[in-house]
2 protein chains.
Amino acid sequence: MSADGTVASRSSRTMSAQDQLRRVQDEFIRKWGEMGQTWGINRTMAELHALLYITGTPQCTDDVMERLNISRGNASMSLRALCDWGIIRRFHRRGERREYFESLGDVWEMFSIIAAERKRREMDPVLETIKQCQAMLDEQAIGSAARSETVAITRKRLESMQEFMEVTNKIFHAFVSNTKSGLNKVVKVLLKSL
Amino acid sequence: MSADGTVASRSSRTMSAQDQLRRVQDEFIRKWGEMGQTWGINRTMAELHALLYITGTPQCTDDVMERLNISRGNASMSLRALCDWGIIRRFHRRGERREYFESLGDVWEMFSIIAAERKRREMDPVLETIKQCQAMLDEQAIGSAARSETVAITRKRLESMQEFMEVTNKIFHAFVSNTKSGLNKVVKVLLKSL
DNA sequence: CATCGACTTCAGACATCTCTGAAACATGGT
DNA sequence: ACCATGTTTCAGAGATGTCTGAAGTCGATG
């Protein structure tokens, strides 16, 4: 790369600083990817997001392909998925054909988005199921005089779980709404449930 | 099963109530298993836990094998893992050789245990990595006059992420500590960070 | 309208995770 | 000591998840 000997010392110091930065970033990216996996997020997506977040610099498809050593297809799909989640943004640069990507910079905002999305995709359906289960048990109770102990237990457990999930949802909501009164209200709800 | 015609009506009503209960439980178990998967918990473990939770009744290995249609090996390993997590309990019954398992009944307690464990296993190592990354960047800054923009950005992002994770940890801790003053303290911290 | 650069899609290869079933192990009773 | 009953372990089978690479799409440009 640098064939010039005269600026060797300055150049090498600069290069080493850049290398060092890159190594630090890679370390973060690696660990973030590992964590993602244990949370049900695939490694590439997590790493991709980590890369865009930690550099804070817009990058195009080829940049990330080279940096993470992944195929074009994988990069394309994963970047799209991250855009769908709403935690990275895609944009054009005037006069360029390539598209660039950048991460949201505000961690709280990212967390809000992810929490809201996971609530919608994963908590809400479970809550729905719990309510259906309760309805089914109620119907049955009307239809028969059977009041078995086991039914009572299941009913109770469904109730507890429902209450827990609803409180949890309120807590998530407080993060999103992000106001003092909202948070205090949540604390009150929480205290009553404990 | 019931070969007796005379008690057919009462018997069939009883059976149907039991069947209905079982169907409701199965529905909950199924959904819980699905949710677990998207959170990086394997389906069998989630279902196993759901079964023990929702029935609220101690069950032995053969019970769960039959109910969930899983092999003995799988049941054994998964039950052990759940015990390791601390959200189910294994115990003997006097005069019986089989071991029985039951779930914790308190959802809040289960959540506390899970949150604490995941924090320890997944958040803490990431926080550790972030601190190491920061240290590496600091060293470098001393060694060279290079104060590139990119380094500054990365440093800033590491800081934001660290702060976010530390606040999140405090919130988890408030759930565990479970006191009014603890929760209020958390709200204050939270408000300052927002 | 042919070409080019960039992006997307997806079938099949590959990697990882999960489960089974049988053998080994443990333990209590006779 | 031996059997009966129950549990654990783990190699290999099977299922699921992920990635690649090449063919296809799209739109800008000469």
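Here is how names work: the chains are called A, B, and so on, in the same order as the sequence lines, proteins then strands, and each is numbered from 1. Note that the structure is a prediction, hence the values are computed from the model and not measured.
W85(A) and E117(A) share no side-chain donor-acceptor pair at under 3.5 Å. Residues Q25(A) and R67(A) bring a donor and an acceptor atom of their side chains to less than 3.5 Å of each other. No hydrogens or angles considered: nothing links the side chains of E47(A) and W32(A) as a donor-acceptor pair under 3.5 Å.
When heavy atoms are screened at a 4.0 angstrom cut-off, N42(B) is found touching the sugar-phosphate backbone but no base atom. Within 4.0 Å (heavy atoms only), R80(B) reaches sugar-phosphate atoms of the nucleic acid but no base atom. When heavy atoms are screened at a 4.0 angstrom cut-off, R98(A) is found touching the sugar-phosphate backbone but no base atom.
Stacking of R89(A) on the aromatic ring of F101(A) is not recorded, the 6.0 Å distance cut-off and the 45° axial limit not both being met.
Remark: T44(A) is in phosphate contact with dC19(D), judged by side-chain N or O atoms under 4.0 Å from OP1 or OP2. For the OP1/OP2 pair of dT8(C) and a distance below 4.0 Å, the side-chain nitrogens and oxygens of R90(A) include at least one atom meeting the criterion. Contact annotation: T61(B) reaches the phosphate of dT7(D) (side-chain N/O to OP1 or OP2, under 4.0 Å).
One atom, CE of M65(B), and another, P of dG21(C), lie 9 Å apart when rounded to the nearest Å. A straight line from CZ of R72(B) to P of dC10(D) spans 18 Å, rounded to a whole angstrom. Taking atom CG of D63(B) as the reference point, atom P of dT7(D) lies 10 Å away to the nearest angstrom. Straight-line distance from the CD atom of E99(B) to the C1' atom of dT27(C): 11 Å, rounded to whole Å. Remark: C1' of dC10(C) and CE of M77(A) are 7 Å apart, rounded to the nearest angstrom.
Comparing dT20(D), dC10(D), dC19(C) against the side chain of S71(B) picks out dC19(C) as the nearest. Distance from the side chain of D62(B) is smallest for dT7(D) among the nucleotides dT9(C), dC19(C), dT7(D).
For dT27(C), the base has a donor-acceptor partner in the side chain of R97(B) [N/O atoms by modelled type, under 3.5 angstrom].
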